[in-house]
Visitor: 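Submitted below is the structure of interest, expressed as structure tokens.
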Amino acid sequence: DQQVKQNSPSLSVQEGRISILNCDYTNSMFDYFLWYKKYPAEGPTFLISISSIKDKNEDGRFTVFLNKSAKHLSLHIVPSQPGDSAVYFCAAVDSGGGADGLTFGKGTHLIIQP
Amino acid sequence: KAGVTQTPRYLIKTRGQQVTLSCSPISGHRSVSWYQQTPGQGLQFLFEYFSETQRNKGNFPGRFSGRQFSNSRSEMNVSTLELGDSALYLCASSLTDRAYNEQFFGPGTRLTVL
């Protein structure tokens, strides 16, 4: 059973607009969440993270929102740029002692249209 | 500083064979984690090594094993290969264990099992 779900396999957004990528999780023990970006033929690169004690974390054009009661997080990219076209993975971890490393979603392919 | 390197980048094997993949972490990093990426399952955690000790293990059969050397370089081995083992194998390194937001991924080894 997938513990981290990204229900949109792909998302197309116009350049300059806001991109919103969503992620849901089922394991209530997850307390740390991360977003990774992956270009073809490269490994994922860390983008932004959020601890469960916060509901928002911002880094430049990237903001992650966490809704613990809904077990939902989202990544906002404003404004979207052509270089943002990539696959975005949501990941979660039980930092307190879980033995499973990072649990990833299946990814959302973001396409920024000029 | 050189990034995480993985060798080989591409590999073709046949069913029943065994394979060894190598990962050299960033200099000074002591933690190495391995992940399997497939189109159907996304990125799945295999195991994590820290200071030559396996710290965490994902839900994979015993055919998947790994080790870490005193210089932090890591290898993973898959024995009795199956068609379903075809995947991109990624390793990630970090300074300490569980430093999830400071994990740096290599470009991966693309394994094809025929």
Side-chain angles (χ1 to χ4, degrees), chain A residues 1-10 21 23-25 27 29-52 54 57 59 62 64 66 75 86-109, chain B residues 2-7 9-10 21 23-26 29 31-50 53-60 64 66 74 76 87-110:
Chain A
D1 183 36
Q2 262 211 297
Q3 297 186 72
V4 177
K5 294 179 186 178
Q6 293 178 257
N7 291 320
S8 299
S10 67
L21 295 93
C23 178
D24 297 293
Y25 62 96
N27 188 342
M29 296 301 292
F30 288 149
D31 60 351
Y32 198 70
F33 305 89
L34 308 92
W35 284 93
Y36 282 82
K37 176 179 176 179
K38 186 179 186 299
Y39 293 119
E42 294 182 14
T45 54
F46 169 74
L47 206 52
I48 192 168
S49 63
I50 188 165
S51 161
S52 60
K54 294 186 174 181
N57 189 24
D59 184 1
F62 302 91
V64 57
L66 174 63
L75 173 69
V87 178
Y88 289 78
F89 291 96
C90 167
V93 66
D94 169 9
S95 67
D100 297 332
L102 285 170
T103 301
F104 282 86
K106 292 188 179 182
T108 296
H109 186 193
Chain B
V4 177
T5 57
Q6 291 186 245
T7 55
R9 291 293 309 276
Y10 302 91
L21 311 181
C23 172
S24 293
I26 290 172
H29 284 194
S31 170
V32 173
S33 298
W34 288 88
Y35 294 85
Q36 180 196 64
Q37 184 184 8
T38 59
Q41 297 298 320
L43 270 157
Q44 292 186 287
F45 172 73
L46 278 155
F47 26 66
E48 179 198 358
Y49 286 87
F50 181 76
T53 302
Q54 187 179 90
R55 297 294 297 267
N56 298 300
K57 191 175 192 307
N59 189 24
F60 277 82
F64 291 81
S74 177
M76 68 162 278
L88 180 68
Y89 290 88
L90 293 156
C91 88
S93 78
S94 57
L95 267 171
T96 60
D97 60 332
R98 299 177 184 274
Y100 301 108
N101 62 331
E102 296 172 355
Q103 234 176 33
F104 296 86
F105 281 81
T109 294
R110 172 74 61 185

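Sequence lines set the chain letters: A, B, ... in the order given, protein chains first and strands last, and positions in each chain run from 1. Values below: every heavy atom of this structure, side chains too, minus hydrogens, waters and symmetry copies.
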Visitor: Contact part of A:Thr45 toward chain B, heavy-atom cut-off under 4.5 Å: side chain, backbone, both or neither?
Guide: neither
Visitor: Looking at A:Leu102 and B:Tyr35, what are the two nearest heavy atoms and their distance?
Guide: CB-OH, 3.4 Å
Visitor: Heavy atoms only, distances under 4.5 angstrom: which of A:Ser49, A:Gly43, A:Pro44 has the most pairs with chain B? Name it, please.
Guide: A:Pro44
Visitor: Under 4.5 Å heavy-atom distance to chain A, tell me which part of B:Leu46 shows up: side chain, backbone, both or neither.
Guide: neither
Visitor: Can you tell me how far CZ of B:Phe105 sits from OH of A:Tyr36, rounded to the nearest 0.5 angstrom?
Guide: 5.0 Å
Visitor: Report which part of B:Leu43 has an atom under 4.5 Å of a heavy atom belonging to chain A: side chain, backbone, both, or neither.
Guide: both
Visitor: Residues two or more places apart in sequence or in another chain: which of them pass side-chain hydrogen bond (donor to acceptor under 3.5 Å, both in side chains) with A:Trp35?
Guide: none
Visitor: Look up atom CG in A:Leu34 and atom CD in B:Gln103, then write down how far apart they are to the nearest 0.5 Å.
Guide: 8.5 Å
Visitor: I'd like to know which of B:Glu48, B:Gln6, B:Arg110, B:Gln37 tops the heavy-atom pair count under 4.5 Å against chain A.
Guide: B:Gln37
Visitor: Going by the rule side chain to side chain contact (heavy atoms under 4.5 Å, CB included), which residues pair with A:Glu42 if we only count those two or more places apart in sequence or in a different chain?
Guide: A:Tyr39
Visitor: If every non-hydrogen atom of B:Pro107 is compared with every non-hydrogen atom of A:Ala41, which pair is closest and at what distance?
Guide: CB-O, 4.1 Å
Visitor: Would you give the length of the straight line joining atom CZ of A:Phe46 to atom CZ of B:Phe104, rounded to the nearest 0.5 angstrom?
Guide: 9.5 Å
Visitor: As an exercise: rank A:Gln2, A:Lys38, A:Gln6 by heavy-atom pairs under 4.5 Å with chain B and give me the winner.
Guide: A:Lys38
